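Let me begin by handing over the structure; questions about it come next.
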Amino acid sequence: ITAIAEDGIGIKAILLEFSKDGGKTWSKISENTSPKKNKQNRWQSNFLWNTKSLPPGDYSIKLTVENKGNLKRILEQKYILDRAPPSIPKLPKVSDPKSGGSLEISWKPSPEKDIAGYFVYRSQKPDKDYIKISSLVSETSFIDLKLKNNVKYYYLITAVDNAGNE
């Protein structure tokens, strides 16, 4: 997390905290009492928030900036910690457009509301050696090009949510 504060006097400290209970109690993530001046009247602090030990759920993040005149400004932001992968897309279907060297793969969209897209994987074996063949696909279909005729291909579709869970 990068925090940039602008002030004509100077920044004394930048504090980053989180809350699991809607802001009733706060836990310190990190505090920088000597932020670096990166431009005229601008100070920057970089923070690392290790969330591995936290349970999934809704969090509040609070950034408090205090200038050298002891004036404090506070910014609060909501954050959702999501580690659950979305469900696998249902009913994948492969069709041959009869154009030679390509197949179209389509599927039903995943029911989750936070879907960022889908990845398509291909193998020549039914249960292993799948290779990702697509970038993140926002539609529910994909055309696989440059295939060899008379070769059997197997496909696997995965959904990716906005938190990057696949």
Side-chain angles (χ1 to χ4, degrees), residues 1-6 11 13-32 35-36 38-39 42-65 72-95 97 102-147 153-166:
I1 300 171
T2 299
I4 298 175
E6 189 169 330
I11 301 298
I14 301 176
L15 172 66
L16 186 64
E17 300 170 285
F18 78 93
S19 173
K20 177 69 176 143
D21 59 11
K24 293 176 186 163
T25 57
W26 293 94
S27 297
K28 183 161 110 175
I29 297 170
S30 186
E31 181 174 19
N32 186 345
K36 294 187 187 317
N38 64 3
K39 288 186 181 177
R42 296 183 94 179
W43 284 261
Q44 178 174 322
S45 288
N46 296 311
F47 299 101
L48 177 63
W49 183 25
N50 185 347
T51 61
K52 288 182 181 179
S53 65
L54 298 175
D58 295 341
Y59 289 84
S60 297
I61 296 176
K62 180 169 70 171
L63 182 71
T64 304
V65 177
K72 291 183 180 180
R73 295 283 184 234
I74 296 172
L75 172 69
E76 285 187 35
Q77 195 80 15
K78 300 292 182 202
Y79 181 80
I80 299 172
L81 186 56
D82 176 8
R83 291 193 184 97
S87 57
I88 295 173
K90 304 287 186 215
L91 303 172
K93 180 177 129 185
V94 179
S95 57
S102 68
L103 293 171
E104 181 175 1
I105 304 97
S106 60
W107 56 90
K108 296 283 184 194
S110 292
E112 291 83 1
K113 294 182 194 293
D114 67 336
I115 296 297
Y118 304 90
F119 284 126
V120 180
Y121 294 81
R122 177 183 63 217
S123 177
Q124 291 183 8
K125 299 175 185 173
D127 296 321
K128 62 180 182 173
D129 299 333
Y130 281 89
I131 298 169
K132 187 188 298 184
I133 60 168
S134 73
S135 56
L136 195 62
V137 177
S138 59
E139 303 297 321
T140 56
S141 65
F142 176 80
I143 297 176
D144 191 6
L145 302 170
K146 299 180 183 175
L147 299 173
Y153 294 100
Y154 298 89
Y155 292 93
L156 174 68
I157 313 300
T158 62
V160 180
D161 65 19
N162 292 329
N165 299 307
E166 179 180 7

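Scope of the values below: all heavy atoms of this structure, side chains included, with no hydrogens, waters or symmetry mates. Everything quoted here is computed from the prediction, not taken from an experiment.
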Interatomic spacing from CD1 in Ile131 to CD in Gln124 - rounded to 0.5 Å: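 Separation between the atoms: 8.5 Å.
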If I take atom NZ from residue Lys132 and atom OG1 from residue Thr158, how far apart are they, to the nearest 0.5 angstrom?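 One finds 7.0 Å between NZ of Lys132 and OG1 of Thr158.
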Begin with the C-alpha distance, continue with both residues' side-chain angles, and end with the deciding distance and a verdict on side-chain contact (heavy atoms from CB on, under 4.5 Å) for Val65 and Trp43. CA-CA 10 Å; Val65 177; Trp43 284 261; over 6 Å; no
Minimum heavy-atom distance Pro85-Glu166, with the two atoms named: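 Smallest interatomic distance, heavy atoms only, reads CB-O, 3.5 Å.
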Got a sec, which residues hit side chain to side chain donor-acceptor pair (under 3.5 Å) with Tyr59, two or more places apart in sequence or on another chain?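 Side chain to side chain donor-acceptor pair (under 3.5 Å) list for Tyr59, sorted by chain: empty.
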Can you tell if the side chain of Tyr153 reaches within under 4.5 Å of the side chain of Val94, non-hydrogen atoms only?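 No, their side chains stay 4.5 Å or more apart.
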Mind listing the closest non-hydrogen atom pair of Pro86 and Ile115 along with its distance?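 Heavy atoms of Pro86 and Ile115 come nearest at CB-CD1, 3.6 Å.
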About how many Å separate CG of Leu81 and CG of Leu54, when rounded to the nearest 0.5 Å?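 Reported to 0.5 Å precision, the distance equals 6.5 Å.
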When you compare the side chain of Thr51 with that of Phe18, does any pair of heavy atoms fall below 4.5 Å?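 Side chain of Phe18 against side chain of Thr51, heavy atoms only: no contact under 4.5 Å found.
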Closest contact, heavy atoms only, Pro89 versus Ile157: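 Result for this residue pair: CD-O, 3.5 Å.
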List in chain and number order the residues that pass side-chain contact (heavy atoms from CB on, under 4.5 Å) with Asn50, two or more places apart in sequence or in another chain; answer none if no residue qualifies.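 Asn50 satisfies side-chain contact (heavy atoms from CB on, under 4.5 Å) with Lys52 once adjacent residues are dropped.
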Leu103 side chain near Tyr155 side chain, heavy-atom distance below 4.5 Å: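 Result yes, sub-4.5 Å side-chain heavy-atom pair found.
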How would you list, by chain and number, every residue that makes a side chain to side chain donor-acceptor pair (under 3.5 Å) with Ser106, sequence neighbours excluded?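 With sequence neighbours excluded, Ser106 shows a side chain to side chain donor-acceptor pair (under 3.5 Å) to no residue whatsoever.
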Interatomic distance, Asn46 atom CG to Ile4 atom CD1 [nearest 0.5 angstrom]: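 So the CG of Asn46 and the CD1 of Ile4 are separated by 8.5 Å.
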Quick check: does any side chain N or O of Gln44 sit under 3.5 Å from a backbone N or O of Thr2, one acting as donor and the other as acceptor?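 No; judged by distance alone, with no hydrogens or angles, the pair does not exist.
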Crowded around Asp21 CG? As in, over 12 foreign heavy atoms under 6.0 Å?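 Above 12, so yes.
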Results of side-chain contact (heavy atoms from CB on, under 4.5 Å) for Lys28 - residues two or more places apart only: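 Applying side-chain contact (heavy atoms from CB on, under 4.5 Å) to Lys28 gives Leu15, Glu31.
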Not counting sequence neighbours, which residues clear side-chain contact (heavy atoms from CB on, under 4.5 Å) with Lys72? List them please.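 Scan of Lys72 (side-chain contact (heavy atoms from CB on, under 4.5 Å), adjacent residues dropped) gives Thr64, Glu66.
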Could you state the interatomic distance from CD1 (Ile80) to CG (Asn162), rounded to the nearest 0.5 Å?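 Between Ile80 CD1 and Asn162 CG, I get 9.5 Å after rounding to 0.5 Å.
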Could you work out, with salt bridge (Lys or Arg N to Asp or Glu O under 4.0 Å) as the rule, every residue matching Lys128, not counting sequence neighbours?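 Partners of Lys128 under the salt bridge (Lys or Arg N to Asp or Glu O under 4.0 Å) test: none.
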Going by side-chain contact (heavy atoms from CB on, under 4.5 Å), name the residues that satisfy it together with Leu48, two or more places apart in sequence or in a different chain.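 Listed in chain order: nothing, the list is empty.
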Excluding sequence neighbours, so at least two apart, what forms salt bridge (Lys or Arg N to Asp or Glu O under 4.0 Å) with Asp129?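 In terms of salt bridge (Lys or Arg N to Asp or Glu O under 4.0 Å), with neighbours along the sequence ignored, Asp129 is linked to Lys125.
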For a quick test of reading the model, state the closest non-hydrogen atom pair linking Ile88 to Ser110 and the distance between them.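 So the two residues come closest at C-OG, 4.3 Å.
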Closest heavy-atom contact between Ala159 and Ser87?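 Smallest heavy-atom distance, with atoms named: CB-O, 3.6 Å.
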Residue pairs passing the ring pair (Phe, Tyr, Trp, His ring centres under 6.0 Å) test where at least one lies in residues 111-137, sequence neighbours excluded: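 Every ring pair (Phe, Tyr, Trp, His ring centres under 6.0 Å) pair that includes a residue of residues 111-137, provided the two are not neighbours, is Trp107-Tyr118.
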Quick one: does Arg122's side chain get under 4.5 Å of Leu147's, heavy atoms only?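 They are in contact (side-chain heavy atoms under 4.5 Å apart), so the answer is yes.
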Considering residues at least two apart in sequence or located in another chain, which fulfil the ring pair (Phe, Tyr, Trp, His ring centres under 6.0 Å) criterion with Trp26?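 Trp26: no ring pair (Phe, Tyr, Trp, His ring centres under 6.0 Å) contacts found.
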Ser53: partners by side chain to side chain donor-acceptor pair (under 3.5 Å), with sequence neighbours left out: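 Side chain to side chain donor-acceptor pair (under 3.5 Å) check on Ser53 returns nothing, list empty.
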With sequence neighbours left out, which residue pairs that include part of residues 73-86 fulfil the salt bridge (charged side-chain N to carboxylate O under 4.0 Å, His left out) condition?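 Matches after skipping sequence neighbours: none remain.
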Look at atom CD1 of Ile74 and say whether more than 12 heavy atoms of other residues, nucleotides or ligands are closer to it than 6.0 Å.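 Yes, CD1 of Ile74 has more than 12 neighbouring heavy atoms, counting only those of other groups under 6.0 Å.
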So which atom in Phe142 and which in Ser134 form the shortest heavy-atom distance, rounded to 0.1 Å?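 Answer, listing the atom of Phe142 first, then Ser134: CE1-CB, 3.6 Å.
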Main-chain N/O of Pro109 paired with Thr140 side-chain donor or acceptor, under 3.5 Å: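 Judged by distance alone, no pair lies under 3.5 Å.
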How long is the span from the CG atom in Asp144 to the CD atom in Glu104, to the nearest 0.5 Å?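 Result: 11.0 Å between the selected atoms.
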